[in-house]
Amino acid sequence: MYSSAFTCSEGCSPVRIPLDEIVYRCPACRGLLDVTHDIDALRDRSAAAWMRLFDERYMRSAWPYGSGVWGKKEWVFPQLANENVVSLFEGGTNLFWADRWGRSVGLADLWVKQCGVSHTGSFKDLGMTVLVSAVKEMIARGRTVRAVACASTGDTSAALSAYAAAAGIPAVVFLPRGKISTAQLVQPLANGARVLAIDGDFDACMALVQETCEKNGLYLANSMNPLRIEGQKTVAIEIAQQFDWQLPDWVVIPGGNLGNVSALGRGFEMMIALGLVAKRPRICVAQAERANPLYESYLKGFADFTPMTAGETVASAIRIGNPVSVGRAIRTLRVFDGVVEQATEDELANAAASADRGGMFNCPHTGVALAALLKLVARGLVKKSDRVVVVSTAHGLKFSEFKVGYHEAKLPGVAATHANRPIDVAAKYADVRDAVLRGLDG
Ligand SMILES: *Cc1c(COP(=O)(O)O)cnc(C)c1O
C-alpha cells in the first residue's frame with residue numbers, strides 16, 4: 001500500500017521515521033526533515049489514471065476528497081485515517097487569467113493563482129490542514145499533545161488557529177508585536193487561540209517557539225515541519241490540473257521563510273516522477289529588498305548564505321531575515337533553473353496597484369512577485385509568449401492598512417502613481433452630475 005515517512009532532507013542517512021512521531025530534525029545530523037513517499041507503490045496507477053482520479057474528485061462533495069489538498073491524499077499523507085482529516089475545503093482556488101494587465105506589461109499568457117481566496121485568506125491553509133490532521137491522529141492514538149504552537153508573520157497563525165479550533169485542539173501563536181495587520185491579529189483571537197504578542201521580530205518569535213515546544217511538549221507548526229510542505233505542494237499539482245495537465249514556462253512566487261517555493265518544487269517533481277508532466281517550469285523567488293537574504297546569496301551563485309536582520313516592509317509576511325527552509329529553497333532553485341529577484345517598497349506597491357487596475361486586489365507579497373516579474377520581462381528572461389503563473393499568496397483584504405495607505409499616498413518610500421480617492425459630493429443632482437461626468441469621455 002501507499003506510505004510516507006520522515007527522512008533527512010540533507011540525505012545524511014537512510015533513516016525513516018513514522019509521521020506520527022514528534023520530531024522536526026534529523027536525529028543524526030540535525031538537518032530538516034522531508035516527507036518521502038513510496039514512489040514505486042504509487043506507480044501502480046498510470047499517470048492517466050492519477051489525472052483521472054484527481055479530476056473526478058476535484059471540488060466535489062465526497063469528503064474529504066473535494067478539498068484541493070485531500071483530493072491528492074495518496075500523494076500527501078496516504079496512511080492518515082479519513083476520520084482524522086481536519087479539512088475546511090481548502091485549495092481549489094481561482095487561477096485568474098490576467099489577460100488585460102498582462103498585455104499591458106507585454107505578456108500574452110499571464111495567470112495569477114489566487115491562493116489567498118481560501119478559508120483564512122492565505123495559502124497557509126494548504127499546509128495547516130495536513131499538520132493539524134496529523135496532530136488529530138496522534139491524539140486519537142493516545143499521544144499527549146498539550147497544544148500546537150507556531151511563530152508567525154500573521155498568516156500561519158491565522159491558519160493554525162482556525163484548523164486547531166475546528167479540531168478542538170488548543171493553539172498558541174507567537175506574533176511579532178506591531179508587525180502584522182489588524183486582520184491577521186484578530187483572526188487567531190477570534191478562533192480562541194492563546195496569542196502572544198512578543199516584543200521582537202519574527203526571527204526572535206521563531207527561536208522562542210522552538211525552545212518552548214521542545215521543553216514543554218507542544219507541537220511545533222512552523223514550516224520547518226515538513227507536513228505543511230506536503231499540503232502546500234498541492235498548489236503545483238493544482239496549477240497543472242487547471243491547465244489540463246500542462247505546466248507553465250515560469251512560476252513566480254514571493255518568498256520569506258522559503259517553505260512554499262520548496263513545496264512548489266516538490267509538487268512538480270512528484271508529477272514528473274509519476275509521469276503526469278514532462279518538463280520543469282522555471283521558478284523565480286521574489287523577495288522584498290528589505291528582507292532579501294536569498295537574493296544576496298543568489299547574486300553570489302549561492303556560494304554562501306548570510307542571514308540578516310530584516311527591515312521594515314509593507315510585505316510583512318515575508319519580513320524574515322533567517323529563513324528556516326533556505327537549504328531546501330536553494331536545492332529547488334538549482335533543479336528548476338531558478339532565479340531570485342527583489343522589489344523595493346515603491347516597486348511592490350505600484351505593481352500591486354497597477355495590477356489591481358486589471359481586476360485584482362493584491363496583497364503586498366503578491367505585489368513583490370508582480371514587480372519581480374516586470375523585471376524579468378524587462379531583462380528579456382521572460383518572453384512575451386511565455387505562459388507565466390504568479391502565485392498570489394494572500395487575499396488583499398487581509399492587508400487593508402496597506403491598501404488604504406497606498407490610496408491615501410501615505411506609504412513611506414512609495415510614490416503612489418495609481419492612487420484613487422473618493423470624491424466628496426453634496427446630496428445635490430448638479431454636483432453629482434458634475435462629479436460623475438468630469439473627465440469621463442476624454
Ligand atoms: C507565508 C507567506 C509568504 C512566504 O512563504 P514562505 O513559505 O515563508 O516563503 C508569502 N506571502 C504570504 C502572504 C505569506 O503568508
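Order of appearance sets the numbers: ligands from 1, and atoms from 1 within every ligand.
Evaluation of the ring pair (Phe, Tyr, Trp, His ring centres under 6.0 Å) test over residues 222-255, restricted to residues two or more places apart or in two chains, returns W111-F243. Residue pairs satisfying the salt bridge (charged side-chain N to carboxylate O under 4.0 Å, His left out) criterion with at least one member in residues 66-80, sequence neighbours excluded, are listed as follows: R57-E74. Identified under the salt bridge (charged side-chain N to carboxylate O under 4.0 Å, His left out) test for residues 115-124, with sequence neighbours left out: none.
Salt bridge K233/E269: absent, no basic N to carboxylate O contact under 4.0 Å.
In this structure, C205 and P176 have side chains that are in contact, with non-hydrogen atoms separated by less than 4.5 Å. Taking 4.5 Å as the limit, every side-chain heavy atom of Y219 sits out of range of all side-chain heavy atoms of C213.
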Extract all N/O-N/O pairs under 3.5 Å that connect ligand 1 to the protein, and present each with both atom names and the distance rounded to 0.1 Å.
unit_1, atom_1, unit_2, atom_2, d
ligand 1, 7 (O), G259, N, 3.1
ligand 1, 7 (O), N260, N, 2.8
ligand 1, 8 (O), N257, N, 2.8
ligand 1, 9 (O), G256, N, 2.8
ligand 1, 9 (O), N257, N, 3.3
ligand 1, 9 (O), L258, N, 2.8
ligand 1, 11 (N), T393, OG1, 2.7
ligand 1, 15 (O), K124, NZ, 2.7
ligand 1, 15 (O), D155, OD2, 2.6

